[in-house]
Amino acid sequence: MTLLSEGRTHDCGELREADVGSEVRLFGWVQKRRDHGGAVFIDLRDRYGLTQVVFRPDAEAASHEAAGELRSEFCIGVRGRVDSRGDKKNPKLPTGEIEVTASELTIFSRSETPPFLIEDDIDTREALRLSHRTLDLRRAPLQRALRQRADVLRAVRSVLDERRYLEIETPFLVRNTPGGARNFLVPSRLERGSVYALAESPQIYKQLLMCAGFDRYYQIVRCFRDEDFRGDRQPEFTQIDIEQSFATEEQIYELIERLMSRVFAQVLEVPLTTPFPRLTYEDALARFGTDKPDLRYELPLCDVTETVRGCGFRVFAGAVERGGKVKALRLPGAAPSLSRKDLDGLPALVKEVGAKGVAYARIQAEGAWQAPFAKTLDDEVKARVNTETGAEEGDVLLFLADGALVVNNALSLLRQHMADRFGLIDSERWAPVWITDFPLLERTEAGQGSEWTACHHPFTAPHPDDVELLDDPTRYGDVRARAYDFVLNGVEAAGGSIRIHQPDVQQRVFRALGIDEEQARAKFGFLLDAFRYGPPPHGGVAIGVDRLVMLIAGAQSLRDVMAFPKSQKGHDLLSGAPSPADAAQLAELGVSITAPPPSGGDG
RNA sequence: GGGGUGGUAGUUAAGUCGGUUAUAACGCCGGCCUGUCACGCCGGAGGCCGCGGGUUCGAGUCCCGUCCACCCCGCCA
């Protein structure tokens, strides 16, 4: 019998004082060797933990001899006896009460010196970690994150199964429908000249499933989007996609609240209070400058546009004249701790969102302002701003004056920055919130064809009270959608809507979007056809698994909760994808590449 | 498409005003060590300074270009 065929008796994280005296077999990787010439200590690691193994010359000479050649990351098996460590316990390890005195050692495989240490906190260039992802994945934080990811999915499945949602798969290779997120394209070999698109979401298919009578559907599904990537955006990502017939917003909210409660209870043992608070899109933007506010802290924004209209400070008055906004962020009691240098450094901070500057004022006794521009403002204006923002002595007010988008982006950034700086973020706290009443339509950038585009997607139902506005192009921007986002700690973790199921409403929305009947047929004919035969009212939601797990695992990036993520340019640094196709493959597909071959990097 | 940060030994970093042989720590290799757990002590090896070009008597350092990674704006119905 070999050690391998006998099998391991325990994992490397489970032996305790109570096991002392038993014979055990442990398999794992060498985390660390400490060779004292006599006793040789090995920290043996697997995904469950670390156990100290000791080899002694007097106990088993051959094993002791062999232990001398062990190096980091050798994969080994050990037979031995569990001994108490007596007064040599290591309180830092769960298994620190005991050690295994080895009587037999099998080296399953050797390891070259790894390019970086397999430790919890390594400070290694991420590119290197990604190109040696298998080693990176041996590290405890990634092991933990991927386990939590599986735990999250298990918890979600348990709720959905209890509630009789049916898991149904939908195609990845779908019809190419330009508009919305850019699709990855897959050329067809059997029909040269045509392409499939990789599904950016199962949206249309899940609506078809509703029409087919599967009144409660879910799928844990990969989605593909060929856009620019970020720390929280990858070319392929996973959604928990849910749709149900006869749904109302309230039912969807209740379901997600139940799902999240179960997930947090099971994975983190944290109770979430339900129902979650709600905030309209309009309020969110007004008070926090973003539709995904982090509500773990306060620091609301205050719109003072009307107050400073025509005032003596040209930066303010000018922005208002140009149709922009002036908003303030009040930092209670911040005056003593924010130096002139801190405040003068703020413009650099907001430069990245396109803001040209940040005005600030320290509030002194009786509401007087200490500010570079203080003289240009009437006392009356200052007093009104004080009242509106609630500013008191010792506070600092930060002002942004610019177009609405820049003002909101910059103040949202500053709000975050200051919350961080003043330690206002309770890392133990979870702040879920529903963002409701999104606009249905938004203006597109000039020169992109149609003037309006759907905020969510073209099948999102308008608010019943606003349907009539769809007949007045000047009011398009006022139409509210039955769409909602679930935001957790400032991260958009889920989003969805009640869909349109009435052909006439769908037609009006298409018209507003500048999609004529012919285009509608060409793009979405198969959905519209399904809607001719008694479509049920329906709606749903999609949860961003990667983002949710990122929050739960406390990770800074999606890359830390995905086993094999891609770089910001969409490269898989492990496999080298994407790579040039060979000529024969392209010929078979009837595809020719016009771009010059990539020069490749040596970085 | 745009703005920013970075790339020097296996790893993380230092490298001044352009000047002799490019430093340090960790890791690695060899030796010693029977209670370590950030083991210790002694010795050693290890470099296309991302890549290409330019300026210069001389470039890790200055200039231009380029590649890669990361952060952000746009984009992500």
Side-chain angles (χ1 to χ4, degrees), chain A residues 31-43 50-59 64 71-72 83 85-93 95-96 99 112-119 121-132 177-183 200-201 203-204 223-235 237 348-355 405-406 409-410 413 438 440-442 444-445 448 450 452-460 481 483 492 495 497 509 513 515 523-524 544 556-557 559 566-569 571 573 598-603:
Chain A
Q31 175 70 30
K32 185 84 186 175
R33 181 186 60 132
R34 290 178 296 277
D35 186 345
H36 286 251
V40 175
F41 299 94
I42 297 289
D43 291 333
L50 216 59
T51 299
Q52 175 163 289
V53 178
V54 57
F55 295 85
R56 294 175 202 284
D58 46 10
H64 176 260
R71 294 293 182 274
S72 291
D83 286 332
R85 289 222 217 163
D87 58 351
K88 300 291 194 304
K89 289 181 173 50
N90 183 348
K92 292 179 207 159
L93 281 183
T95 61
E99 64 191 1
E112 293 177 22
T113 302
F116 49 81
L117 300 179
I118 312 301
E119 291 175 341
D121 298 309
I122 58 171
D123 189 14
T124 301
R125 241 188 3 263
E126 198 175 356
L128 189 79
R129 288 175 42 203
L130 289 174
S131 57
H132 296 277
T177 55
R182 196 177 288 117
N183 291 112
E200 61 195 53
S201 83
Q203 182 59 38
I204 291 177
C223 303
F224 306 88
R225 291 181 190 175
D226 187 8
E227 294 290 346
D228 287 3
F229 312 124
R230 295 284 167 77
D232 63 351
R233 281 166 16 196
Q234 281 270 317
F237 60 97
L349 201 72
V350 296
K351 198 180 140 208
E352 68 178 26
V353 294
L405 182 69
V406 169
N409 281 349
L413 190 75
F438 278 82
L440 186 73
L441 305 166
E442 63 190 349
T444 52
E445 297 279 312
Q448 276 192 345
S450 60
W452 293 87
T453 179
C455 283
H456 188 51
H457 58 57
F459 316 113
T460 301
E492 182 192 331
S497 64
V509 171
L513 292 170
I515 300 174
K523 279 185 164 182
F524 312 116
Q556 297 302 306
S557 155
R559 295 182 296 276
K566 292 182 176 59
S567 79
Q568 199 164 52
K569 289 195 72 182
H571 293 168
L573 299 178
S599 50
D602 293 297

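Sequence lines set the chain letters: A, B, ... in the order given, protein chains first and strands last, and positions in each chain run from 1.
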The ring pair (Phe, Tyr, Trp, His ring centres under 6.0 Å) partners of A:F41 (sequence neighbours excluded) come to A:H36
Which of the following nucleotides, B:U34, B:C37, B:C70, is nearest to the side chain of A:L130? B:C70
Determine whether a donor-acceptor pair (one donor, one acceptor, N or O, separation below 3.5 Å) exists between the side chain of A:R230 and the base of B:G74. yes
Would you mind reporting whether A:R129 and A:I122 have side-chain heavy atoms less than 4.5 Å apart? yes
If you measure from the P atom in B:U55 to the same atom in B:U61, how many Å do you get, rounded? 15 Å
Per the atom types in the model, does the base of B:U11 pair as donor or acceptor with the side chain of A:R129 at under 3.5 Å? no
With a 4.0 Å cutoff (strictly under), does any side-chain N or O of A:R559 reach OP1 or OP2 of B:C71? yes
Just name whichever nucleotide pairs with B:C26, Watson-Crick or G-U, keeping both distances under 3.5 Å, else none. B:G10
According to ring pair (Phe, Tyr, Trp, His ring centres under 6.0 Å), who are the partners of A:F229, at least two apart in sequence or on a separate chain? none
Taking only N/O atoms, report every protein-nucleotides 22-29 of chain B pair under 3.5 Å with atom names and distance.
unit_1 : atom_1 : unit_2 : atom_2 : d
B:C29  : OP1    : A:R71  : NE     : 2.9

Categorize A:R225 for me: base, sugar-phosphate, or nothing, with a 4.0 angstrom heavy-atom threshold over every strand shown. sugar-phosphate
In the structure shown, which nucleotide is the Watson-Crick or G-U wobble counterpart of B:U61, with both distances under 3.5 Å? none
Report which part of the nucleic acid A:F116 touches: base, sugar-phosphate, or nothing (heavy-atom distance under 4.0 Å, all strands). nothing
Nearest-angstrom distance from the residue atom CG of A:D121 to C1' of B:U11: 15 Å
For a 4.5 angstrom cut-off between non-hydrogen side-chain atoms, does A:V40 reach A:R33? yes
Watson-Crick or G-U wobble partner of B:A69, both distances under 3.5 Å: B:U5
A:E126/A:R559 salt bridge by N-O under 4.0 Å criterion: yes
For A:L50, is there any backbone N or O sitting under 3.5 Å from a side-chain donor or acceptor partner on A:T95? yes
Could you check which of B:C33, B:C73, B:C71 has an atom nearest any side-chain atom of A:Q568? B:C71
Have a look at A:Q556 and say if it touches a base, only the backbone sugar-phosphate, or nothing, with a 4.0 Å heavy-atom cut-off. nothing
Between B:U34, B:G74, B:C71, which nucleotide has the shortest distance from any of its atoms to the side chain of A:D228? B:G74
Side-chain N,O (A:H36) to OP1/OP2 (B:G40) below 4.0 Å: no
Now, which nucleotide makes the Watson-Crick or G-U wobble pair with B:U21, with each of the two distances under 3.5 Å? none
Spacing of the C1' atoms in B:U8 and B:G4 (rounded, Å): 22 Å
Closest to the side chain of A:L405, out of B:U36, B:G74, B:A69, is B:G74
Taking the side chain as every heavy atom from C-beta outward, state whether A:E99 and A:K88 have any atom pair closer than 4.5 Å. no
Report which part of the nucleic acid A:L413 touches: base, sugar-phosphate, or nothing (heavy-atom distance under 4.0 Å, all strands). nothing
Within the structure shown, what part of the strands sits under 4.0 Å from A:D123 by heavy-atom distance: base, sugar-phosphate, or nothing? sugar-phosphate
Any chance CG of A:D58 has more than 12 other-residue heavy atoms, nucleotides or ligands included, within less than 6.0 Å? yes
Of A:R233 and A:D35, whose closest RNA chain B nucleotide lies nearer the 5' terminus? A:D35
Nearest-nucleotide check on RNA chain B, A:G37 vs A:I204; residue mapping nearer the 5' end is A:G37
Nearest to the side chain of A:N409 - B:A69, B:C73, B:A38? B:C73
Among B:A69, B:U12, B:C75, find the nucleotide with the atom closest to the side chain of A:R125. B:U12
In Watson-Crick or G-U wobble terms, both distances under 3.5 Å, what is the partner of B:C33? none
Kindly point out which of B:C37, B:C68, B:C73 is positioned nearest to the side chain of A:K569? B:C68
Over all strands shown, is A:P115 touching base, sugar-phosphate only, or nothing at heavy-atom distances under 4.0 angstrom? sugar-phosphate
Closest to side chain of A:V353, choosing from B:U12, B:C72, B:C33: B:C72
Between B:C76, B:A69, B:U34, which one does the side chain of A:L573 approach most closely? B:A69
Applying a 4.0 Å non-hydrogen cut-off, can you work out what A:G231 is touching in the nucleic acid: base, sugar-phosphate, or nothing? sugar-phosphate
Side-chain contact test, heavy atoms from C-beta onward, threshold under 4.5 Å: evaluate it for A:F116 versus A:R125 and give yes or no. no
B:C37, B:A69, B:A38: which one has an atom nearest the side-chain heavy atoms of A:S567? B:A69
Check this for me, if you would: do A:R34 and A:D43 make a salt bridge, where the nitrogen-to-carboxylate-oxygen distance has to be below 4.0 angstrom? yes
